[in-house]
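Remarks on the structure that follows.
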Amino acid sequence: MWIGWLEFDLLLGDVHSLKQKRSAVRPVIAELQRRFGVSAAETGSAQLHRRAGVGLAVVSGDRSHVVDVLDAAERLVAGRPEMDLLSARRGLRRSDDD
(Lines give C-alpha, C1' and ligand atoms only; values in the text may rest on other atoms or scores of the structure.)
Protein backbone atom coordinates (compact mmCIF):
# COMPACT_ATOMS: atom_id res chain seq x y z
CA MET A 1 0.00 0.00 0.00
CA TRP A 2 1.23 3.50 -0.88
CA ILE A 3 0.42 6.58 1.18
CA GLY A 4 0.94 10.09 -0.18
CA TRP A 5 0.30 13.49 1.32
CA LEU A 6 0.57 17.14 0.44
CA GLU A 7 0.73 20.19 2.68
CA PHE A 8 -0.07 23.53 1.09
CA ASP A 9 0.81 26.95 2.48
CA LEU A 10 -1.61 29.42 0.89
CA LEU A 11 -1.81 33.20 0.81
CA LEU A 12 -5.40 34.27 0.34
CA GLY A 13 -6.35 37.30 -1.75
CA ASP A 14 -8.98 39.81 -0.67
CA VAL A 15 -9.79 38.29 2.71
CA HIS A 16 -10.35 40.45 5.80
CA SER A 17 -11.83 38.06 8.37
CA LEU A 18 -11.74 34.46 9.48
CA LYS A 19 -15.27 34.05 8.12
CA GLN A 20 -14.12 35.15 4.65
CA LYS A 21 -11.13 32.83 5.00
CA ARG A 22 -13.42 29.85 5.63
CA SER A 23 -15.50 30.87 2.61
CA ALA A 24 -12.36 30.82 0.45
CA VAL A 25 -10.78 27.63 1.80
CA ARG A 26 -13.84 25.41 2.18
CA PRO A 27 -14.59 25.19 -1.58
CA VAL A 28 -10.97 24.22 -2.32
CA ILE A 29 -11.09 21.40 0.22
CA ALA A 30 -14.46 20.22 -1.13
CA GLU A 31 -13.18 20.23 -4.71
CA LEU A 32 -10.07 18.26 -3.77
CA GLN A 33 -12.22 15.66 -2.00
CA ARG A 34 -14.80 15.45 -4.80
CA ARG A 35 -12.43 15.45 -7.75
CA PHE A 36 -9.66 13.20 -6.40
CA GLY A 37 -11.26 11.15 -3.61
CA VAL A 38 -8.67 12.32 -1.08
CA SER A 39 -8.96 13.17 2.56
CA ALA A 40 -8.39 16.93 2.90
CA ALA A 41 -8.66 19.51 5.67
CA GLU A 42 -7.47 22.91 6.80
CA THR A 43 -4.41 22.11 8.87
CA GLY A 44 -2.60 25.29 9.76
CA SER A 45 -2.59 29.06 10.23
CA ALA A 46 -6.00 28.83 11.87
CA GLN A 47 -5.93 32.29 13.44
CA LEU A 48 -4.41 34.16 10.48
CA HIS A 49 -7.07 35.41 8.10
CA ARG A 50 -4.88 35.74 4.97
CA ARG A 51 -2.90 32.49 5.35
CA ALA A 52 -4.14 28.93 5.26
CA GLY A 53 -2.60 25.52 5.58
CA VAL A 54 -4.37 22.73 3.75
CA GLY A 55 -3.36 19.08 3.89
CA LEU A 56 -4.47 16.09 1.91
CA ALA A 57 -3.76 12.38 1.91
CA VAL A 58 -4.32 9.59 -0.57
CA VAL A 59 -3.89 5.82 -0.30
CA SER A 60 -3.56 3.36 -3.17
CA GLY A 61 -2.03 0.03 -4.03
CA ASP A 62 -0.29 1.66 -6.99
CA ARG A 63 2.56 4.16 -6.48
CA SER A 64 2.03 5.86 -9.85
CA HIS A 65 -1.63 6.51 -9.03
CA VAL A 66 -0.65 8.25 -5.78
CA VAL A 67 1.92 10.40 -7.59
CA ASP A 68 -0.60 11.28 -10.32
CA VAL A 69 -3.21 12.35 -7.76
CA LEU A 70 -0.70 14.44 -5.81
CA ASP A 71 0.50 16.14 -9.01
CA ALA A 72 -3.05 16.89 -10.16
CA ALA A 73 -4.09 18.21 -6.74
CA GLU A 74 -1.08 20.52 -6.63
CA ARG A 75 -1.88 21.85 -10.13
CA LEU A 76 -5.49 22.45 -9.10
CA VAL A 77 -4.53 24.47 -6.02
CA ALA A 78 -1.78 26.37 -7.85
CA GLY A 79 -4.28 27.35 -10.55
CA ARG A 80 -6.77 28.97 -8.17
CA PRO A 81 -6.79 32.72 -8.97
CA GLU A 82 -8.09 33.78 -5.54
CA MET A 83 -5.04 32.43 -3.70
CA ASP A 84 -1.29 32.08 -4.11
CA LEU A 85 0.42 28.78 -3.45
CA LEU A 86 3.46 29.75 -1.36
CA SER A 87 4.74 26.22 -0.88
CA ALA A 88 3.77 22.60 -1.23
CA ARG A 89 5.44 19.84 0.74
CA ARG A 90 4.84 16.26 -0.20
CA GLY A 91 5.53 12.84 1.18
CA LEU A 92 5.23 9.35 -0.24
CA ARG A 93 5.85 6.06 1.47
CA ARG A 94 4.99 2.40 1.41
CA SER A 95 3.06 1.02 4.33
CA ASP A 96 5.80 -1.54 5.04
CA ASP A 97 8.64 1.04 5.13
CA ASP A 98 10.34 1.29 8.50
Side-chain angles (χ1 to χ4, degrees):
M1 173 173 71
W2 286 91
I3 305 153
W5 65 92
L6 274 171
E7 294 176 290
F8 299 116
D9 183 13
L10 304 171
L11 178 63
L12 306 176
D14 190 28
V15 172
H16 303 288
S17 70
L18 293 176
K19 185 176 181 179
Q20 287 178 325
K21 174 186 178 175
R22 283 191 304 275
S23 294
V25 172
R26 201 174 315 146
V28 174
I29 291 170
E31 186 172 5
L32 288 166
Q33 292 169 332
R34 179 184 52 79
R35 187 179 281 189
F36 303 114
V38 298
S39 178
E42 186 174 352
T43 58
S45 303
Q47 296 305 316
L48 302 174
H49 66 273
R50 291 212 52 225
R51 294 286 290 271
V54 172
L56 69 86
V58 61
V59 176
S60 176
D62 181 19
R63 180 187 186 281
S64 65
H65 176 72
V66 171
V67 171
D68 290 345
V69 169
L70 296 179
D71 290 344
E74 187 171 346
R75 281 192 305 273
L76 180 127
V77 172
R80 299 292 290 230
E82 71 275 15
M83 56 189 64
D84 293 321
L85 177 59
L86 299 177
S87 69
R89 293 179 6 160
R90 94 173 33 199
L92 180 67
R93 27 179 333 165
R94 280 180 67 150
S95 59
D96 57 359
D97 287 348
D98 290 334

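Not measured: the values here are computed from a predicted model.
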From Leu18 CG over to Arg50 CZ, what is the distance, rounded to the nearest 0.5 angstrom?
13.0 Å

In the structure I gave you, are the side-chain heavy atoms of Leu85 and Glu74 within less than 4.5 Å of one another anywhere?
yes

Starting at CG of Asp84, measure out to CZ of Arg51 and round the result to the nearest 0.5 Å.
10.5 Å

Roughly how far, to the nearest 0.5 Å, is CG of Leu76 from CZ of Arg35?
5.0 Å

Under a 4.5 Å cut-off applied to non-hydrogen side-chain atoms, are Trp5 and Arg93 in contact?
yes

Spacing of Arg75 atom CZ and Arg80 atom CZ [to the nearest 0.5 Å]
15.5 Å

Can you list everything that forms a side-chain hydrogen bond (donor to acceptor under 3.5 Å, both in side chains) with Asp71? Sequence neighbours excluded, please.
Arg90

Start with the C-alpha distance between Met83 and Val15, add both sets of side-chain angles, then the distance that settles side chain to side chain contact (heavy atoms under 4.5 Å, CB included), and finish with yes or no.
CA-CA 10 Å; Met83 56 189 64; Val15 172; over 6 Å; no

When rounded to the nearest 0.5 angstrom, what distance separates CE in Met1 from OG in Ser60?
10.0 Å

Flag the pair Val77 / Leu32 as yes when at least one side-chain heavy-atom distance between them is below 4.5 Å, and no otherwise.
yes

What's the shortest heavy-atom distance between Phe8 and Ala88, and which atoms?
CD2-CB, 3.9 Å

Quiz: residues 61-68 side-chain donor-acceptor pairs under 3.5 angstrom, not counting sequence neighbours:
from, atom 1, to, atom 2, distance (Å)
Asp62, OD1, Ser64, N, 3.4
Asp62, OD1, Ser64, OG, 3.2
Asp62, OD2, Ser64, OG, 3.0

Are Val54 and Leu10 packed together at the side-chain level, in the sense that at least one heavy-atom pair is separated by less than 4.5 angstrom?
yes

Is it true that Val59 and Val69 fall in one hydrophobic cluster, defined by side-chain heavy atoms closer than 4.5 Å?
no

Which heavy atom in Lys21 sits nearest to a heavy atom in Glu42, and how many Å separate them?
CE-OE2, 2.9 Å

Measuring from Leu56:CG to Phe36:CZ, what's the distance to the nearest 0.5 Å?
9.0 Å

Minimum heavy-atom distance Ala52-Val25, with the two atoms named:
CB-CG2, 3.7 Å

Going by heavy atoms in the side chains, are Arg89 and Leu6 under 4.5 Å from each other?
no

Between Asp14 and Glu82, is any pair of side-chain heavy atoms under 4.5 Å apart?
no

